[in-house]
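Notes to accompany the following structure.
In what follows, chains are A, B, ... by sequence order, proteins preceding strands, each numbered from 1.
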Amino acid sequence: MRRALIAGCGVAGLAAAACSPSAASSPRPPEKVYASTCGYCHGANVGPIIRGRALPAEQVTAVVRGGLNGMPAFRPSEISPAELDALAQWVEASKADPKEKGK
Amino acid sequence: MSGPTIDRRGLIGAGVAGAAALGLAACSGEAPVGQGATLAKGVSKADFAGAIKAFRAVVGDEWVFADPETVKPWAKTYVPDPGGRHRPVGAVCPATVEEVQELVRLANQFKQPLWPVSTGKNMGYGMSSTAAPGQVVLDLKRMNRIISVDPDLCTALVEPGVTYQQLHDYLAENKIPLWIDVPTVGPIVGPVGNTLDRGVGYTPYGEHFMVQCGMEVVMPDGEILKTGMGSTSNPSAWQAFKWGYGPYLDGIFTQSNFGVVTKMGLWLMPAPPVYKPFVVRHPKMEDVSRIVDAMRPMRINNIIPNVVLMMGAGYQLAMFNRRGDVWQGTEPVPDAAFEKVGAEQGLGMWNTYFALYGTPGMIAESEKIVRGAFEAIGGEVLTEEEMGDNPYFHHHATLMRGGLNLDEVGLLRWKGAGGGLAWFAPVAPAKGDETRGQTELAKQILGKHGFDYTAAFAIGSRELHHIIALLYDKSDPEEEKRADACYRELVTGFGEKGWASYRTGVHAMDLVAQQYGEVNRTVNARIKDALDPNHIIAPGKSGIA
């Protein structure tokens with residue numbers, strides 16, 4: 001008997017289920033996007049801290065899509081337009097996290 | 001030993017503030033298709049417009065990008081491109097293999113070349129920019145299903161858009177005690193793209209193509225090929241047995257343009273009971289030779305089972321420091337400056353990172369052998385006990401257990417705000433004298449063009465990859481041109497000695513292919529003509545046009 005787990009958004013048995021975290025139908029929350037992408041550099045001694053600085057959302061969006069200096073660009077296929085809208089708002093409204101390093 | 005205090009905020013803060021004015025927003029609605037773009041040879045404006053229109057019908061308007069503004073996220077690159085030859089003219093993002101098949105058929109109809117990328121984040125190798133002008137990026141990132149994980153066979157089958165972060169999260173959420181093996185930028189890249197470019201990681205499963213098993217490939221005519229056991233009536237061994245029957249085909253879909261890989265199997269390492277990372281410090285540049293000679297037998301007999309990184313102080317310091325913190329002159333940083341600042345931050349001139357995996361008894365036995373070998377050649381053998389929270393040790397201790405971080409992105413800040421990086425990666429046999437020769441030649445060529453020797457060696461087993469990070473300020477057009485010239489001289493200068501690269505960026509694919517000789521190129525060209533007569537898949541990839 002084949003015991004392979006079939007991974008369909010974590011629902012066992014859903015072979016070939018539609019599972020697209022970047023699809024508009026299932027946007028990841030901004031905390032998740034930040035933790036799994038942005039936060040590896042920003043606040044981790046690589047890029048500048050961006051939380052708690054009231055960076056305007058439209059500016060965050062522009063930098064994410066275009067890249068800036070050493071920062072890579074992130075495409076709509078990686079961070080969907082809906083996810084980026086929520087992320088940019090979240091960054092603008094965020095409070096500083098004292099655990100982050102790099103000031 | 002505690003690490004240095006690092007404050008990087010000032011580095012790009014000013015740049016962030018200025019970015020909005022540059023108009024980098026991605027979604028600008030309707031814009032002229034292909035405006036101002038250089039189209040591929042033989043493709044008319046009408047062909048291009050027709051292809052874009054047809055692509056929209058397949059994937060939807062919102063997943064086709066064909067004007068300079070919206071293509072920007074695919075054009076961002078770190079490699080030198082002073083002539084702007086490597087900018088894509090468009091991007092199309094399918095979500096299913098059926099859509100890929102249809103796009104490939106349409107590309108044939110309109111003779112519009114497609115440049116497939118998986119996650120498009122290979123950093124100093126060109127990201128999602130293209131080898132030749134006029135190509136539309138076939139962006140597979142939306143195809144991000146983890147199709148299966150078998151906890152008994154310790155295998156996975158994934159699509160190209162799956163990142164290591166996603167695979168890591170899946171294993172953690174489902175409490176499957178398997179490790180992943182990541183390259184240095186694991187969170188934003190994935191197994192398919194890295195394996196297809198024959199990249200490496202740093203656990204015992206670090207040679208990624210060795211632990212790849214089975215592919216699904218959309219061929220240039222739109223047909224689907226499943227390699228190995230995948231095309232049998234019950235492909236239950238697809239991820240278990242690599243070879244299938246007859247000629248082994250998986251290799252021709254790596255570093256090539258013979259098809260579009262849409263699924264790939266890989267093997268995963270069972271989490272070991274104990275993991276113990278080490279660093280060996282050596283004080284002098286010339287120590288490189290004896291480190292390699294000491295390491296070679298322990299890699300071949302598997303006392304040290306993982307892909308070893310022997311990191312130069314320059315490469316290490318460039319991750320977490322700005323150049324001005326180390327050296328104020330415009331000439332290349334002298335060894336003495338790297339040595340001095342390195343020592344202040346807990347680094348030797350060479351820092352050799354490896355790990356032991358297994359039961360406590362196995363590790364204790366191996367540790368005796370390893371300590372004996374390195375202490376005999378003047379190495380300081382150090383563990384977490386001595387290194388504590390040293391950020392360099394932490395970085396490598398994370399990588400060698402398949403952990404995720406993006407510390408290496410810090411390299412992009414070494415030479416100012418411009419963000420320029422091209423990795424030059426010549427191969428050599430794991431012999432001390434050749435290693436010393438490579439180090440001397442690299443310093444000579446880099447020095448001639450005014451660049452620093454920021455380098456490392458990845459020791460596979462019988463060979464090593466010399467990973468030279470050519471760091472430059474891409475915002476300075478003169479420096480970008482100089483970096484381009486320097487890279488080309490590195491390729492040809494090393495090539496004359498038989499030290500050809502294992503991999504390169506889009507800016508130098510043809511030049512690297514030349515180092516492997518005309519017969520090799522002709523055979524690849526014949527395969528290309530046979531499988532892809534219209535040359536619609538990634539012309540120029542690996543020098544195969």
Please give me the minimum heavy-atom distance between [X] and [Y], naming the atom from each residue.
X       : Y        : result
A/Asn69 : B/Tyr78  : O-CE2, 4.2 Å
A/Ser36 : B/Pro187 : O-CB, 4.0 Å
A/Val46 : B/Gly410 : CG1-N, 3.4 Å
A/Lys32 : B/Asp169 : NZ-OD2, 2.7 Å
A/Cys41 : B/Val409 : SG-CB, 3.9 Å

**Request:** Test side chain to side chain contact (heavy atoms under 4.5 Å, CB included) on A/Thr37 and B/Ile188 and set out the steps.
**Result:** CA-CA 7 Å; A/Thr37 306; B/Ile188 54 176; 4.0 Å; yes
In terms of heavy-atom proximity below 4.5 Å to chain A, should [X] be classed as side chain, backbone, both, or neither?
X        : result
B/Thr77  : neither
B/Asp139 : side chain
B/Leu421 : neither
B/Asp473 : neither

**Request:** Under the side chain to side chain contact (heavy atoms under 4.5 Å, CB included) rule, what do A/Arg75 and B/Phe65 come out as? Steps first, then yes or no, please.
**Result:** CA-CA 11 Å; A/Arg75 315 181 305 272; B/Phe65 305 83; over 6 Å; no
**Message:** Does the Lys NZ or Arg CZ of B/Lys76 fall within the cation-pi geometry relative to A/Phe74 - under 6.0 Å from the ring centre and within 45° of the axis?
**Reply:**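 Relative to the ring axis of A/Phe74, which defines the angle, B/Lys76 lies outside at least one limit.
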**Prompt:** What distance separates B/His394 NE2 from A/Asn45 CG, expressed to the nearest 0.5 Å?
**Reply:**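 Answer for the NE2-CG pair, B/His394 versus A/Asn45, is 11.0 Å.
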**Request:** State the CE-OG distance between B/Met143 and A/Ser77, to the nearest 0.5 angstrom.
**Result:**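 The CE atom of B/Met143 sits 12.5 Å away from the OG atom of A/Ser77.
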